[in-house]
There are 2 protein chains.
Amino acid sequence: MEVPSHRYGVTVSTVRVDLVAVVVSVDGQTPRVLAAGAPRRLPAGPLRAEQTSLQASLREFVLEQTGHRLGFVEQLYTFADLGRGGHAAREVSISYLGLAHADTGPGWTRLYDLLPWEDRRPGPRADAGRVEIVRAIRAWARPDRSARASFLWGLDGHPWRPELALQRYELLWEAGLVAESSDATEATGEGMVQDHRRIVATALSRLRATLQYRPVVFELMPDAFTRGRLQVVVEALAGSTVHTPNFRRLVGQHGLVEPTGGVDHGTGGRPARLYRFHRALFTERDLVGTKLPVPRAR
Amino acid sequence: MEVPSHRYGVTVSTVRVDLVAVVVSVDGQTPRVLAAGAPRRLPAGPLRAEQTSLQASLREFVLEQTGHRLGFVEQLYTFADLGRGGHAAREVSISYLGLAHADTGPGWTRLYDLLPWEDRRPGPRADAGRVEIVRAIRAWARPDRSARASFLWGLDGHPWRPELALQRYELLWEAGLVAESSDATEATGEGMVQDHRRIVATALSRLRATLQYRPVVFELMPDAFTRGRLQVVVEALAGSTVHTPNFRRLVGQHGLVEPTGGVDHGTGGRPARLYRFHRALFTERDLVGTKLPVPRAR
DNA sequence: CCAGATTTGCTCAGGATGAGAAAAAGGAAG
DNA sequence: CTTCCTTTTTCTCATCCTGAGCAAATCTGG
């Protein structure tokens, strides 16, 4: 069984390749994604011939298009299925997740306007939309797909898992509840160009999963911050809340942060101590091996 | 801040795109990778214009080149940095991990011939090679990179983490210990064409990480198997051993398997009960959410 | 001064995990 | 047939991690 040349094949596969960026930041307690236009579109650009690495290419065009210097960058997934955008031609998009410091302005779309069901933090809109979605899913899933549906939506005793955002989006897609052609509703969210909403869902899934075993949140934080502020950012990304004493316990016992000595009096209650990320320790470790809690409660 | 058209850019980025497959199987207690030639080369093929999905394209050319029908397939990473193969031209490779049932023959290379230091199971060759590698790394890392080195190699009180295979390969690369041009040594392994060994390391990392939270091993198992056999396969992929009673406890309590009623008398000791994967339960769940133990002992 | 809000620390139960001991059940060698 | 060896299988125990609740400490704002 000899493996032939890898130039094997009948079709010469020369296609156009784009880079697509999902740039995330947290503004107050709302996560935002860089996407402008109507319908919204993720920033994208071509591979640059002169750039040796993909990441450099990505950073450059995000900087040019938006003026933003990306901190953390991670490759997500390469989308290349036929008919992605409606055209017959194949279009290859290499997608990246990037984290940037807080910023607002046009082009910064609220993440949960795109995927409203992913925000489970207590609030006025949360419950109404949830009921509506769950009803629609139950109707569609019955009876064949109900096990999968209740697993993904944390029904019937299953826990809600934040990191399954992509799988939930895909189920909604199959159920016809997030067709990009339809109008935006309160519960099913705002549509985007082509398959960009799927790419955002991919990014959210990956970000939430990464949060559980790598301290990437610090890419979104200023140099000094309170533990309460850190908790708010984590909860914003996870889309659910955590038990405050347990959160600080975990943050503390991993030695992730060290006090700066300063305090913040603007928190409304007892003043909070300021901390900084213990970077010296963790750049060496390639940022692997220490985790922050993401809720996985019922 | 308006985001311009995503057709923005000075260079038209039309490049050739290949699919590369890392097909893994376990033969006895040695993991194998589909790669033939000298130096060895992973099976690769072009995107097929007529295939709608990448996975379908991949399955087809792996079937054509090797006669193998892939079970599990997962996208790994897209390599596209300039000068990957030594040429100036950019070459984009979308890499996939595939799992196949046990098979031998030419073309099936032993995985740990390529990455010998990743096999930590007790054995004659293991200790000798380990000492040699650790000595070389320590010499190179001192003193700046010693924290990173000891973290990755489980030295100075750090645990050995099987899933960091890629990071270990990259450190060895930086240290000049796995230059593909040099001759294969007992400790640093056999070289491959272009950056294929990096792709194999990527696959191993991903496979080991996946093993910890998704029951993908079953893609490598026959329909009926003993728990001892399952443990051997997991240990082969993880490259280290686990405590037998704990392994069976975990497998049992997750409800992953169910007894077929049969027994296997060929194990050399007390006959072992045969089990099958409880597939009905887990296809529904999208194969998420149940895990098999991978050792992370000191 | 009081009410409210937030930070901070402590405790406790339950589950998961690492490690060891040992019984059960067969095959192989003598 | 008996003895030894090997593998499977079941328990037990200590420890750590995690979820959850209670309460004290400390400030701001009215």
Side-chain angles (χ1 to χ4, degrees), chain A residues 29 122 154 157 159-162 211-213 224-235 238 240-275 289-298, chain B residues 28-29 154 157 159-162 211-213 224-235 238 240-275 289-298:
Chain A
Q29 50 186 23
W160 170 267
R161 296 176 158 243
L211 234 49
Q212 292 177 355
Y213 64 96
F225 49 84
T226 68
R227 287 194 275 183
R229 181 75 197 120
L230 186 63
Q231 182 180 353
V232 167
V233 172
V234 168
E235 289 177 339
S240 45
T241 53
V242 295
H243 188 63
T244 305
N246 292 344
F247 181 83
R248 33 199 342 111
R249 176 177 59 189
L250 258 190
V251 172
Q253 81 187 14
H254 281 295
L256 282 170
V257 297
E258 54 182 3
T260 67
V263 288
D264 181 3
H265 291 264
T267 55
R270 170 174 177 171
R273 274 196 281 246
L274 286 171
Y275 291 84
T290 29
K291 55 182 186 176
L292 274 176
V294 158
R296 47 179 180 189
R298 312 248 343 235
Chain B
Q29 51 185 20
W160 170 267
R161 297 176 156 243
L211 233 49
Q212 293 177 357
Y213 63 96
F225 49 85
T226 68
R227 288 195 275 183
R229 180 76 196 121
L230 186 63
Q231 180 180 353
V232 167
V233 171
V234 168
E235 289 178 337
S240 45
T241 53
V242 295
H243 188 62
T244 306
N246 293 344
F247 181 83
R248 38 196 340 113
R249 175 177 60 189
L250 260 189
V251 171
Q253 80 186 15
H254 281 294
L256 282 170
V257 297
E258 56 183 2
T260 67
V263 288
D264 181 4
H265 290 266
T267 55
R270 171 174 175 172
R273 273 196 282 246
L274 286 172
Y275 291 84
T290 28
K291 54 181 188 176
L292 274 176
V294 157
R296 48 179 179 187
R298 311 249 342 233

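So you know, we letter chains A, B, ... as the sequences are listed, proteins then strands, and number each from 1. The structure presented is a predicted model; accordingly, all values stated were derived computationally and were not measured.
- Among the nucleotides dT18(D), dT17(C), dT9(D), the one closest to the side chain of Q253(A) is dT18(D).
- Taking the side chain as every heavy atom from C-beta outward, L230(A) and V251(A) approach each other to under 4.5 Å.
- Under the side-chain hydrogen bond (donor to acceptor under 3.5 Å, both in side chains) criterion, R227(A) pairs with Y275(A), not counting sequence neighbours.
- Counting heavy atoms from C-beta on, the side chains of V263(B) and L274(B) never come closer than 4.5 Å.
- The A272(A) side chain lies nearest to dT7(C) when the options are dT17(C), dT7(C), dT10(D).
- The distance from atom CG of L250(B) to atom C1' of dG18(C) is 11 Å, rounded to the nearest whole Å.
- Annotation for V232(A) and Q29(A): closest pair CG1-CB, 3.7 Å, computed over non-hydrogen atoms.
- Contact annotation: R227(B) side-chain N/O to dT10(D) OP1/OP2 distance is under 4.0 Å.
- Look at CZ on F247(B): it is 17 Å from P on dA16(C), rounded to the nearest Å.
- T244(A) meets the side-chain hydrogen bond (donor to acceptor under 3.5 Å, both in side chains) test with Q231(A); sequence neighbours excluded.
- Distance L230(B) CG to dT9(D) P: 12 Å, rounded to the nearest Å.
- The residue R273(A) sits close only to the backbone: its heavy atoms come under 4.0 Å of sugar-phosphate atoms, none of a base.
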* Structure fact -> For nucleotides 20-28 of chain C, 5' to 3', base contacts (B), sugar-phosphate-only contacts (S) and non-contacts (-) with protein non-hydrogen atoms under 4.0 Å give BB--BBS--
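- Going from atom CZ of R248(A) over to atom P of dA20(D) covers 18 Å, rounded to whole Å.
- Interatomic distance, NE2 of H265(B) versus CZ of R270(B), reported as 11.5 Å (0.5 Å rounding).
- Here the C1' atom of nucleotide dT6(C) and the CD atom of Q29(A) are 15 Å apart, to the nearest Å.
- Whole-Å rounding puts the D264(A) CG to dC27(D) P distance at 13 Å.
- In this structure, the CD atom of Q231(B) is 11 Å from the P atom of dT7(D), given to the nearest Å.
- Residues meeting the side-chain hydrogen bond (donor to acceptor under 3.5 Å, both in side chains) test with R249(A), sequence neighbours left out: N246(A).
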